[in-house]
Amino acid sequence: MEQRNNGKSVASLVLGIIGVVLGFLGGWAWTGAILGIIGLILGVLGKKEAPNGMATAGIVLSIIAIALGLIVTIACYACVAAVYSAAGSLY
């Protein structure tokens, strides 16, 4: 029996992987979150069309990319705000 891959599932998996990688890079974390959102949408659509493990993996990786991207982005903004606050108290 030949199993065909769903293009949306593959795209979701790829976007999830790229989103997780970008989530670890401070300046690019927000891009990882955006790719995660797109990957999540494609994963859900792909799972509706042809349920398979690739779609599930894409959904899971996309959720991780969204969470990681948001956490790192918020942490970076908090660090910048702390530096500005500390620098402002020096003058």
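Atom set for the values below is all heavy atoms of this structure, side chains included, hydrogens, waters and symmetry mates excluded.
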When rounded to the nearest 0.5 angstrom, what is the spacing between [atom1] in [X] and [atom2] in [Y]?
| X | Y | atom1 | atom2 | result |
| --- | --- | --- | --- | --- |
| Leu15 | Leu22 | CG | CG | 10.5 Å |
| Ser62 | Ile18 | OG | CD1 | 10.5 Å |
| Glu49 | Leu42 | CD | CG | 10.0 Å |
| Leu40 | Leu61 | CG | CG | 11.5 Å |
| Thr31 | Leu25 | OG1 | CG | 9.5 Å |

Applying a strict under-4.5 Å side-chain criterion to I, L, V, M, F, W and Y, I'd like to know whether [X] and [Y] cluster together.
| X | Y | result |
| --- | --- | --- |
| Val10 | Ile38 | yes |
| Ile41 | Val20 | no |
| Trp28 | Val14 | yes |
| Leu70 | Leu35 | no |
| Ile17 | Ile34 | yes |

Closest non-hydrogen atom pair, [X] against [Y]:
| X | Y | value |
| --- | --- | --- |
| Gly16 | Ala65 | O-CB, 4.1 Å |
| Lys8 | Gly46 | CB-CA, 3.9 Å |
| Ala33 | Ile66 | O-CG1, 3.7 Å |

Q. Run the side-chain contact (heavy atoms from CB on, under 4.5 Å) check on Leu68 and Phe24 step by step: do they pass?
A. CA-CA 8 Å; Leu68 186 63; Phe24 286 108; 3.8 Å; yes
Q. Can you check whether Thr56 reaches Asn52 side chain to side chain, under 4.5 Å on heavy atoms?
A.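 A side-chain contact under 4.5 Å is absent here.
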(Q) Could you check whether any side-chain heavy atom of Asn6 comes within less than 4.5 Å of a side-chain heavy atom of Met54, counting everything from C-beta outward? (A) no
Q.
Treating Ser85 as the side-chain partner and Ala81 as the backbone partner, does any N or O pair qualify as donor plus acceptor under 3.5 Å?
A. no
